[in-house]
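Contents: one structure, followed by commentary.
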There are 2 protein chains.
Amino acid sequence: MTHPRRRLRPEQRRAEILDAALEVFAERGYRGASLAAVADKVGLTQQGLLHYFPGKDALLIEVLRRRDEVDSGAYTPSGNGLEMMEKLVTHNATLPGLVQSFTVLSADSVTDNHPAKEFFTERYRRTRETLAESIRREFGEEPPGGLTPEQAAALLVAVMDGLQLQWLLDPGEVDMAAVFHAFAGLLRSASPAAPPAPSSPTDHGYAG
Amino acid sequence: MTHPRRRLRPEQRRAEILDAALEVFAERGYRGASLAAVADKVGLTQQGLLHYFPGKDALLIEVLRRRDEVDSGAYTPSGNGLEMMEKLVTHNATLPGLVQSFTVLSADSVTDNHPAKEFFTERYRRTRETLAESIRREFGEEPPGGLTPEQAAALLVAVMDGLQLQWLLDPGEVDMAAVFHAFAGLLRSASPAAPPAPSSPTDHGYAG
DNA sequence: GTCTATATTAAGATAGAC
DNA sequence: GTCTATCTTAATATAGAC
């Protein structure tokens, strides 16, 4: 046995590492995570891992980018903006690990010199824009309750994020899907007269 | 000069340290913060600081507890639950540092073995309970939009938290006070007929 | 009450063997 | 491609001097 190690194509290895890294970052946050812990999970040493990624920062950014790509390919609910969000929240309620990673890392990212600060700023900006577009198609320039489409978008994302945090801390007390659904109902009922515009479902790629 | 150091009553010292610690925790998260950095801010060494607190965990918990006490004494907006929340959000929009500390640390607290996990779980539970009580007084058993009082409470807290995150990342793009105000308007407009019950303002002590 | 000194542990990163 | 070995830095914590 000249080559006792596990035979893996480089791309498989990288994917493995990225999955393991997401777990560790979710469990301990960016600063609390160690490369050695990630390496352990895939049966490598820290130095073996560093063959695939130049450093911790780059690993984090790649984890986040890849996750968005994969998720938006694997799960894109159909319907208008509000319906999509509702389905997404219900979907996320079955994936506490994934929810935790984005909840932890997005808040982490507001700290000083955090490597994912730009990533999350841009991601939220894009999400709001796409969602506002969708709201415009659905409700026109005046969505329910005197909100602008941009405000409604920020609000929807805020509700989703805020509920995730409470749900992670206390899953028995907070039913995030139920509350989000009720909130969606509130939005609809406040709507003057929603003209179901011909919608082309947009992938906003929002999974966290 | 037999005693060259700064003369401070122990309670002042402790207060100083707690303030400095909150800053450092907000800037770097719990795991990224170092006792030495906190000590530096008040002109002590790490070991000098440890004379006042047994360790990092205890320091964090004390920081959070004290902050809630001080804030609820210093700022308690009047009015019903919804009005109080609106005023609180407007108030918080002038205190990015404080908002950052609670945003960062609350999300941090969902990670494995985090010393503040219980603190935040209990804090959110209390906040929801108090807020639900206030909503009951204001709207009776059926608040706007088919929500239960408990759901409405979770929703309000979620909106506040979620907007804080987006605002911290992108203060130029997200006007959290404006969006929260619009959201409050949405809730009110969805209300069947809000009977202004005789309210005794309740301090829910929610500052983050 | 605060310091110096130090023990211990662990992190990220680099160099080079195989 | 992955390892061993090592450098460097930094963390919490303890012991004990002043």
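Both backbone and side-chain heavy atoms feed into the values below; hydrogens, waters and symmetry mates do not. In what follows, chains carry the letters A, B, and so on, assigned in the order in which the sequence lines appear, proteins first and then strands, with residues in each chain numbered from 1.
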>> Please list, in numerical order, the residues of residues 105-112 of chain B that have a heavy atom closer than 4.0 Å to any atom of DNA chain C.
In response: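 Those residues whose heavy atoms fall under 4.0 Å from DNA chain C, taken from residues 105-112 of chain B, amount to none.
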> Which residues in residues 55-64 of chain B have at least one heavy atom lying under 4.0 Å from any atom of DNA chain D?
Replying inline: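 Listed by number, they are B:Gly55, B:Lys56.
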> Among residues 19-33 of chain A, which contact DNA chain D at a heavy-atom distance under 4.0 Å?
Replying inline: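 Per residue number, the list is empty: none.
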Nearest-neighbour nucleotide for the [X] side chain, [options] considered:
X: A:Pro10; options: C:dG12, D:dG1, C:dG1; answer: D:dG1
X: B:Leu50; options: D:dA11, D:dT14, C:dT2; answer: D:dT14
X: B:Leu44; options: D:dA13, C:dT2, C:dA13; answer: C:dT2

Would you say [X]'s side chain and [Y]'s backbone share a donor-acceptor pair under 3.5 angstrom?
X: B:Thr90; Y: B:Glu86; result: yes
X: B:Gln166; Y: A:Ala154; result: yes
X: B:Lys56; Y: B:Ala33; result: yes
X: A:Lys87; Y: A:Ser78; result: yes

>> Give me the atom names and distance for the closest heavy-atom approach of B:Gly48 to B:Leu44.
In response: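 Closest approach of B:Gly48 to B:Leu44: C-CD1, 4.1 Å.
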> What heavy-atom pair brings A:Leu60 and A:Ala116 nearest, and what distance separates the two atoms?
Replying inline: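 Heavy atoms only, the tightest pair is CD2-CB, 3.8 Å.
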>> Heavy-atom count check: over 12 atoms from other residues, nucleotides or ligands less than 6.0 Å from A:His91 NE2?
In response: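 Yes, the 6.0 Å shell around NE2 holds more than 12 heavy atoms from other groups.
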Using whole Å, report how far [atom1] of [X] lies from [atom2] of [N].
X: A:Gln12; N: D:dG1; atom1: CD; atom2: P; result: 13 Å
X: A:Asp40; N: C:dA11; atom1: CG; atom2: C1'; result: 14 Å
X: A:Leu35; N: C:dT14; atom1: CG; atom2: C1'; result: 14 Å
X: A:His51; N: C:dT14; atom1: NE2; atom2: P; result: 15 Å
X: A:Leu49; N: C:dT14; atom1: CG; atom2: P; result: 14 Å

>> Applying side chain to side chain contact (heavy atoms under 4.5 Å, CB included), can you list everything that pairs with A:Ala37, at least two apart in sequence or on another chain?
In response: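 So A:Ala37 forms a side chain to side chain contact (heavy atoms under 4.5 Å, CB included) with A:Val24, A:Ser34.
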> Salt-bridged, A:Arg125 to B:Asp170, with N to O below 4.0 Å?
Replying inline: yes
> Do the charged groups of A:Glu122 and A:Arg128 touch, with an N to O distance under 4.0 Å?
Replying inline: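 No salt bridge links A:Glu122 with A:Arg128.
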> Strictly by modelled atom types, are A:Tyr75 and A:Asn92 linked by a side-chain donor-acceptor pair under 3.5 Å?
Replying inline: no
> Just by distance, with hydrogens left out, do A:Arg31 and A:Thr111 show a side-chain donor and acceptor under 3.5 Å apart?
Replying inline: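 Yes - a donor-acceptor pair under 3.5 Å links their side chains.
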>> Among residues at least two apart in sequence or on other chains, which ones pass salt bridge (Lys or Arg N to Asp or Glu O under 4.0 Å) with B:Arg14?
In response: B:Glu11, B:Glu62
All N/O pairs under 3.5 Å across the protein-nucleotides 4-8 of chain D interface:
unit_1	atom_1	unit_2	atom_2	d
D:dA5	N6	A:Gln47	NE2	2.7

